[in-house]
2 protein chains.
Amino acid sequence: MVTTTTAASVDLAAARFFRVLGDPTRVAILQLLMQRPHSVSELVEATGARQSRVSTHLACLRWCEFVTTERAGRKVIYSITDPEVGEVLRRGMELAQARLDHLVACERIGPEWA
Amino acid sequence: MVTTTTAASVDLAAARFFRVLGDPTRVAILQLLMQRPHSVSELVEATGARQSRVSTHLACLRWCEFVTTERAGRKVIYSITDPEVGEVLRRGMELAQARLDHLVACERIGPEWA
DNA sequence: CCGGTGCATCCGGACAACCGGATGGATAGG
DNA sequence: CCTATCCATCCGGTTGTCCGGATGCACCGG
């Protein structure tokens, strides 16, 4: 069957999908955008991250089409593209909160867990 | 408010949560376990990954309590701990599939996108 | 008791992702 | 125009994560 190649591709795509959500700064950004559209400077202000960092993360989210942009004068306004993605994020955050202690304690994904 | 500290922690926990899901091998493993419990050797067989790799990934999933183990003779049987996690995985895979081309093309999360 | 199977962990080594700081382009205001 | 603001991207360096191969322990069958 033709789906043989696809099976691995789907795993790969899924992994990339979740990896995009696997950064605290991007989580914070997406959370803010779920409330309402924000300009870059607002996101910098709200997250406390450097401007270059925020822009890079936004480029990542833009590329993956998690967010869309719109120019407004000197500012660029970012919005969530698909509410579905936000929904998965929300569900994940709930589950993460339940396991908060474990996950935060899990410093590394490689060796060196207790 | 007291939630100030927590806000960042939640982002961190969520990021770790999703990062665990952000590896193709772990996605494949979890998918198999969502169907039914598997022994390590079965997972090695099914995924095509090396045994040491599979065991390491399982250690990660075990630590984060995504899976639980049960000894059966010389074998160790792994099962999904919480169906909720599997549900998030499933939803994510659907969304990833829709964006498959984009996500697979996105070789890197850092710079160097087209 | 001994050999064999099944699994977990250790050991470098390689690369991807993250970061801060600096540079450069676009836009509006004086 | 000229300047200041806002944003995107580049650069060098650091760390985290993944990997294959090898070692060691637990358990079962003979």
Side-chain angles (χ1 to χ4, degrees), chain A residues 11-12 15-29 37-64 67-79 103-114, chain B residues 11-12 15-29 37-64 67-79 103-114:
Chain A
D11 290 349
L12 184 63
R16 286 210 206 289
F17 175 87
F18 286 118
R19 191 175 288 258
V20 170
L21 298 180
D23 179 274
T25 303
R26 285 194 290 267
V27 168
I29 289 174
H38 286 69
S39 68
V40 176
S41 41
E42 282 175 328
L43 292 172
V44 171
E45 165 76 18
T47 61
R50 313 275 171 174
Q51 181 264 323
S52 66
R53 220 60 331 265
V54 172
S55 272
T56 303
H57 282 307
L58 285 172
C60 169
L61 295 170
R62 213 186 320 136
W63 171 263
C64 298
V67 300
T68 53
T69 63
E70 178 193 358
R71 183 132 211 147
R74 272 176 294 191
K75 304 196 172 185
V76 175
I77 308 301
Y78 280 80
S79 315
L103 290 168
V104 170
C106 181
E107 288 298 335
R108 335 189 64 201
I109 282 181
E112 182 122 356
W113 319 289
Chain B
D11 290 350
L12 185 62
R16 287 210 207 287
F17 175 87
F18 286 119
R19 191 174 289 254
V20 171
L21 298 180
D23 178 275
T25 302
R26 286 194 289 268
V27 168
I29 290 175
H38 286 68
S39 69
V40 176
S41 41
E42 283 175 327
L43 293 173
V44 170
E45 165 76 18
T47 61
R50 316 272 172 175
Q51 181 265 323
S52 65
R53 218 76 307 282
V54 171
S55 273
T56 303
H57 282 306
L58 285 172
C60 169
L61 295 170
R62 212 187 320 135
W63 171 263
C64 297
V67 300
T68 54
T69 64
E70 177 192 359
R71 181 130 214 151
R74 270 175 296 191
K75 305 196 171 185
V76 176
I77 309 299
Y78 280 80
S79 315
L103 289 168
V104 171
C106 181
E107 289 299 334
R108 335 188 64 200
I109 281 180
E112 183 122 358
W113 320 290

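Remember, predicted model here, so these are calculated numbers, not experimental data. Side chains included, hydrogens not; waters and symmetry mates left out as well; all remaining heavy atoms used.
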Check your understanding: In whole angstroms, how far is the P atom of D/dA8 from the CG atom of A/Leu43?
Key -> 10 Å
Check your understanding: NE2 of A/His57 to OG of A/Ser52: how many Å apart, nearest 0.5 Å?
Key -> 9.0 Å
Exercise for review: Figure out the CD/C1' separation between A/Gln51 and D/dT9, and round it to whole Å.
Suggested key: 10 Å
Point to revise | Straight-line distance of A/Tyr78 OH to A/Glu70 CD, nearest 0.5 Å | key: 12.0 Å
Check your understanding: C/dA22, C/dA8, D/dG21: which one has an atom nearest the side-chain heavy atoms of A/Ser52?
Key -> C/dA22
Practice item. Rounded off to whole Å, could you give me the CZ-to-C1' distance for the A/Arg16 and C/dA16 pair? Key: 11 Å
Check your understanding: If you check every side-chain atom of A/Arg71, which of C/dT27, C/dC19, D/dG20 has the closest atom?
Key -> C/dT27
Practice item. Scan B/Ser41 against the nucleic acid and name what it touches under 4.0 Å (heavy atoms): base, sugar-phosphate only, or nothing. Key: sugar-phosphate
Point to revise | pair A/Leu58-A/Leu43: side-chain heavy atoms closer than 4.5 Å | key: yes
Revision key, fill the gap. When B/Leu58 and A/Gly73 are each assigned the nearest nucleotide of DNA chain C, the 5'-most assignment goes to B/Leu58
Practice item. Grab the NE2-P distance between A/His57 and C/dG20 for me, whole Å please. Key: 9 Å
Exercise for review: Please determine, by modelled atom types, if B/Glu45 and B/Ser41 share a side-chain donor-acceptor pair under 3.5 angstrom.
Suggested key: no
Exercise for review: Look at B/Tyr78 and C/dA8 and indicate whether a side-chain polar atom (N or O) is within less than 4.0 Å of OP1 or OP2.
Suggested key: yes
Practice item. Measure from CZ on B/Arg50 to P on D/dG20 and round the result to the nearest Å. Key: 5 Å
Point to revise | Nearest-neighbour nucleotide for the B/Val40 side chain, D/dA8, C/dC19, C/dC7 considered | key: C/dC7
Exercise for review: Hey, could you give me the CD1/CD distance between B/Ile77 and B/Glu42, rounded to the nearest 0.5 Å?
Suggested key: 6.5 Å
Practice item. Provide, to the nearest angstrom, the distance between the CD1 atom belonging to B/Ile29 and the P atom belonging to D/dC18. Key: 11 Å
Check your understanding: To the nearest Å, how far apart are A/Asp23 CG and D/dT15 C1'?
Key -> 14 Å
Check your understanding: Hey, does the side chain of A/Arg19 come within less than 4.0 Å of C/dA16's phosphate (OP1/OP2), counting only N and O?
Key -> no
Check your understanding: Across the strands shown, which category fits B/Arg74 at heavy-atom distances under 4.0 angstrom: base, sugar-phosphate, nothing?
Key -> base
Review point. Reckon A/Arg53 touches a base, only the sugar-phosphate, or nothing at all at heavy-atom distances under 4.0 Å?
Key: base
Point to revise | Interatomic distance where CG belongs to A/Leu61 and P belongs to C/dC18 [whole Å] | key: 11 Å
